[in-house]
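Comments concern the structure below.
These numbers come from the heavy atoms of this one structure, side chains and all, not from hydrogens, waters or symmetry mates. Sequence lines set the chain letters: A, B, ... in the order given, protein chains first and strands last, and positions in each chain run from 1.
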Amino acid sequence: MPEKSRKILVSNALPYANGSIHMGHLVEYLQGNIWIRFQKLRGHQCTYICASDVHGTPVMLKAREMGLSPEDLTERVTAEFLRDFSDFGIEFDNYYTTHSPENEVLVGEIFETLRASGDIYTKTIEQAYDVQESMFLPDRFVRGTCPRCGTSDQYGDACENCGATYTPADLIDPISVLSGSTPVKRDSEHYFFRLSRYEQRLRDWMQSANLEKSVVAKLEEWFEAGLQDWDISRDAPYFGFRIPGTNDKYFYVWLDAPVGYAASFKNLCARRDDLDFDEYWRPGHETELYHFIGKDIMYFHTLFWPAVLQGAGFRTPTSVFAHGFLTVNGQKMSKSRGTFIKARTYLDHLHPAHLRYYYAAKLGPTIEDLDLNLDDFAARVNSDLVGKLVNIASRCAGFINKRFDGQLAAELHAPEMQARFAGAADAIADYYERREYSRAMRTVMALADEANRYIDEQKPWVMARDEQQLDTVQAVCTQGINLFRCLMIYLTPVIPGVAEDARSFLQEQDWHWDAAGTPLLGTTISPFRPLLTRVEPEQVRNMVEQSKQS
RNA sequence: GGUGAUGUAGCUCAGUUGGUCAGAGCGGCGGACUCAUAACCCGCAGGUCGGUGGUUCAAUUCCACCCAUCACCA
C-alpha cells in the first residue's frame, strides 16, 4: 500500500568529541540508521543529521593536556568519527559541529527570545573553585570522602559505594582533580531557565509525542518531583559560546548541544534547494522531527529541549526515541576483559553487516538494555545470515548459472508462496516503522526457513538428473531466487552493503520497498559469489585480545 | 538512599488484559540428504517462568516485600 510521501527529519545524539566511537555508541547510530534507510527505501524524503558535540570542560581540559586547541582536537576526533560511521554504513545527510556559526546564531536567538519573555533570570550560587587553576570545578572534578558512608575518593555528585547524592561541598576532605589542591567555595552569578513554567506544556507535548511507556513512566516521575529551573551558564574558562552581554559567562554545553541539531540542518539547507529550514523547525508544518537518543539523556530531550523550543518559538519534536545501553557478555563494557570494543577494532576483524544484523535482531522500541553476547553473536549471524538467508541464493544460483546460462524462468513455480512472501511486506514495514527490528528480523528469518524447506521438498538436484524435468528445475530455482530477493529487499535497511551486492548479482538497477511485490522473471543473473562469510571464533578472539591492549 | 526498567529452557529472546501459556531460534542428541559458505531438512529436548509471602476456585501472568542487573537523581 503506497503511503503518502512524508517529510522527515531525524537526528542521532551528538557524540561527544573526546573519545572514540565504540560498540555502545553503535547501538544508537545503527538503530537510527536502519530507520532512516527504511524510510528512504519507502520513498519518503528523509533527512538525517548529526554533529560532534564539542563544547564543555572535558574537551577543554583534554585539549589542554594534549597541547592542542579545542578546535584542533575536536576536528581530529570528528575525522575519526566519520571514518568509523562511514565504514559501518552510517551516512548522514549532514554531519557538522556544535562549534559553528549557525549554532552560535541560533543559540543567541533562542536565548534572547527566552529572556524577552521572562524565562531567563540570574541567581548567585556557591560553587567549588580551584584557586590554583583559577577555575570553577564541575562536580565530577572534585573528589573526596562520602559524607554518608565514609568511602574515600568519590566524585563530587554521588557516592559509587552507597549511592548517596550530594554536592561537592558535602564531601569530607575534598580535592580538585585538576590540581590536587583543596577547593574553596566561591560565589558566581548564573543564568537560569524557568523550566518550572513549562510543566503543563510539557505534559501536553508528552501526550502528543506518543512516547514509549517506560519513557512516560520516567517523565511522570520527574513531574511528580517537580520541575526545577535549569542552570544554563558556566564560568570562564570554558569552551563554548559566550553569553551575549557578558565577559566571562558561557552557555552550558547542554544548552547548545541539541540546538546543534537545528544548526546542522541549517547548514545543510544552505546547499540544498529542496530543504527549507522553517518548514522543519517552525510550528505549523506537516514535517516530522525525531530524535534517537540513549536513555541516559532523556531528561535533556524530553524536558529541557521541548521546553526551550516552545519558549523560543520553534516546533517541538514529533517524538523522541530512547534506547537502552549495551552490555557485552552480560556485563558493562570493560577494558580489562577486552569488552570495551572500539568501532575501529571491530572493523579490523569483522564485517559491519554482522553487527548491523545482530543489533537489529535484538533491538526493540524500549529502553531495555541490549546484550552483545560474543558467542551468541557468532552463532546467530552465521546461522541466520549465512546458513539461512544467503544459502537460499547460494543453493539455487548454481543451477541457474550452470544449466540455464544464468537465465531465470519466465514463470514462478509457486506463485502462492511468492504472494505470501510479498504479502509480509506490510507487517515488516510496520515493525520497522515502530522500531520493532527484532520482530522484523524474526519474521524475515521464519520466511527464510520456509524458503529452505521449499527447496528441500522440491529437490531440484534430483530433478536435474532428468532432462525431462529441466524446466521444473529452472522454475523452482527461479522461485528460490525470488524468495531470496524478496527477503533481501526487506533486509536492505539493516545490511545495505550485502543487499547492494545481492541486487547487482540479480542485475537490477535499483530497489524500492515495493519491488518485493514484483517478481524477477526471464532476466539474467550474474555468477554467484559468496555475499557474506561466516564469523570465525578466531576473529572474535583476536578482536577481544586487541581491545585488551588498546 | 529514592525512582524507573529488567530478571522465562545451556545461550539469545517471544508470550500470558489470571485458567490447552510453558514457547521460538541457536546449541546439544538422534536421523535423513548432498543443491548449498560441514550449510539445509526431519525428530527429540521437559525450564518450581529471580526468591518469599498474599489475593483468587485458579498466578509465571495481580499485590507486597526481598535479591540481582542497568539507568537516572537535573
Side-chain angles (χ1 to χ4, degrees), chain A residues 139 146 148-149 157-159 161-166 192-193 195-196 212-222 224-232 252 254 294-300 302-304 322-327 329-332 358 361-364 366-400 402-403 436 438-439 441-442 445-446 448-465 473 476-477 480 484 528-536:
Chain A
D139 293 354
C146 170
R148 193 167 76 189
C149 72
D157 50 359
C159 174
N161 180 49
C162 73
T165 56
Y166 39 73
F192 286 79
F193 171 62
L195 185 68
S196 50
E212 280 300 313
K213 266 214 309 269
S214 47
V215 176
V216 171
K218 199 71 193 169
L219 273 169
E220 287 293 356
E221 180 196 334
W222 287 325
E224 197 112 339
L227 299 184
Q228 305 280 302
D229 291 341
W230 184 31
D231 183 351
I232 57 164
Y252 177 39
W254 263 113
K295 65 178 176 179
D296 54 327
I297 56 175
M298 271 161 44
Y299 201 91
F300 297 101
T302 57
L303 293 178
F304 295 143
H323 60 79
F325 269 58
L326 181 77
T327 54
N329 292 338
Q331 296 180 291
K332 262 193 220 190
Y358 188 71
K362 301 187 80 167
L363 265 171
T366 69
I367 59 174
E368 270 184 63
D369 290 347
L370 183 157
D371 186 46
L372 166 59
N373 179 297
L374 293 170
D375 292 334
D376 181 55
F377 165 74
R380 185 83 182 259
V381 164
N382 288 343
S383 171
D384 286 2
L385 248 28
V386 182
K388 292 180 180 180
L389 182 76
V390 171
N391 186 236
I392 303 168
S394 176
R395 64 196 305 196
C396 292
F399 292 107
I400 297 289
K402 285 175 201 148
R403 309 296 287 266
E436 303 254 24
S438 62
R439 287 178 197 279
M441 295 308 103
R442 277 206 304 277
M445 286 310 148
D449 284 342
E450 272 192 60
N452 276 307
R453 219 172 291 139
Y454 161 79
I455 296 163
D456 219 73
E457 284 162 5
Q458 297 303 321
K459 303 193 186 345
W461 57 92
V462 174
M463 291 189 280
R465 296 170 201 148
V473 171
V476 165
C477 292
F484 165 76
F528 181 81
R529 277 173 307 178
L531 293 165
L532 198 61
T533 53
R534 311 169 68 77
V535 173
E536 299 299 337

Give the rounded distance in Å between these two atoms: CZ of R403(A) and P of A36(B). 12 Å
Contact class for G398(A) (heavy atom, under 4.0 Å): base, sugar-phosphate, or nothing? nothing
For U37(B), does either OP1 or OP2 sit under 4.0 Å from a side-chain N or O belonging to R529(A)? no
Measure up the F304(A) and W230(A) rings against each other and bin them: parallel (under 30°), tilted (30 to 60°), perpendicular (over 60°). parallel
I'd like the C1' distance from C13(B) over to G31(B), given in whole Å. 28 Å
For the backbone of F325(A) and the side chain of K295(A), can you confirm whether one donor and one acceptor N or O come within less than 3.5 Å of each other? no
Same-atom distance (P) from G10(B) to A45(B), integer angstrom: 15 Å
With nearest nucleotide decided by heavy atoms, which residue, V390(A) or D371(A), maps closer to the 5′ end of RNA chain B? D371(A)
When rounded to the nearest Å, what value does the distance between P atoms of G47(B) and U6(B) take? 26 Å
Does the side chain to side chain donor-acceptor pair (under 3.5 Å) test come out yes or no for R380(A) and N373(A), once each step is laid out? CA-CA 10 Å; R380(A) 185 83 182 259; N373(A) 179 297; over 6 Å; no
Report the residue (L532(A) or A379(A)) whose heavy-atom-nearest nucleotide on RNA chain B is the more 5′ of the two. A379(A)
For C40(B) and N391(A) - does any side-chain N or O of the residue sit under 4.0 Å from the phosphate oxygens OP1/OP2? no
Check every atom of U12(B), C70(B), U37(B) against the side chain of F325(A) and return the nucleotide holding the closest atom. C70(B)
With a 4.5 Å cut-off on side-chain heavy atoms, are V390(A) and R534(A) touching? no
Which is it for Y358(A) and D384(A) under the side-chain contact (heavy atoms from CB on, under 4.5 Å) test, yes or no, and what are the steps along the way? CA-CA 10 Å; Y358(A) 188 71; D384(A) 286 2; over 6 Å; no
Work out how far the P atom of U16(B) is from that of G50(B), and round it to whole angstrom. 15 Å
By the 4.0 Å heavy-atom rule, please label W222(A) as base, sugar-phosphate, or nothing. sugar-phosphate
Hey, does the side-chain of K218(A) have a donor or acceptor N/O within less than 3.5 Å of a partner on the base of U3(B)? yes
Is the count of non-hydrogen atoms from other residues, nucleotides or ligands lying under 6.0 Å from K402(A) atom NZ greater than 12? no
Work out how far the P atom of G53(B) is from that of A22(B), and round it to whole angstrom. 23 Å
Between K402(A) and C35(B), is there a contact of a side-chain N or O with OP1 or OP2 at under 4.0 Å? no
Which part of the nucleic acid, if any, lies within contact of F377(A), taking any heavy atom under 4.0 Å across all strands shown: a base, the sugar-phosphate backbone alone, or nothing? nothing
Does a side-chain N or O of K459(A) approach OP1 or OP2 of C35(B) to a distance below 4.0 Å, or not? no
Less than 4.0 angstrom between a side-chain N/O of R442(A) and OP1 or OP2 of G23(B), yes or no? no
With rounding to the closest Å, how many angstrom separate the C1' atoms on G25(B) and C40(B)? 15 Å
Out of C40(B), U37(B), C70(B), which has the shortest distance to the side chain of N452(A)? C40(B)
Would one find a side-chain N or O of R395(A) under 4.0 angstrom from OP1 or OP2 of A39(B)? no
In Watson-Crick or G-U wobble terms, with both distances under 3.5 Å, the base opposite U3(B) is A71(B)
Could you check whether R534(A) gets within reach of a base, just the sugar-phosphate, or nothing at all, counting any heavy atom under 4.0 Å? base
Rounded to whole angstrom, note down the C1' distance from A9(B) over to U48(B). 13 Å
With heavy atoms under 4.0 Å as the rule, sort P530(A) into base, sugar-phosphate or nothing. base
Under a 3.5 Å limit for both distances, which nucleotide forms a Watson-Crick or G-U wobble pair with C62(B), could you say? G54(B)
With both distances under 3.5 angstrom, what nucleotide forms a Watson-Crick or G-U wobble pair with C44(B)? G28(B)
Between C72(B) and U56(B), how many Å separate the two P atoms, rounded to a whole number? 41 Å
Backbone N or O of L374(A) within a donor-acceptor pair of the N329(A) side chain at under 3.5 Å? yes
Of the nucleotides A14(B), A5(B), C41(B), which one has an atom closest to the side chain of A217(A)? A5(B)
In whole Å, I'd like the distance from the CD atom of E368(A) to the C1' atom of G7(B). 10 Å
Check every strand shown and say whether G364(A) touches a base, only sugar-phosphate, or nothing at a heavy-atom separation below 4.0 Å. nothing
For a quick check of understanding: with a heavy-atom distance under 4.0 Å over all strands, which category does L531(A) fall into, base, sugar-phosphate or nothing? base
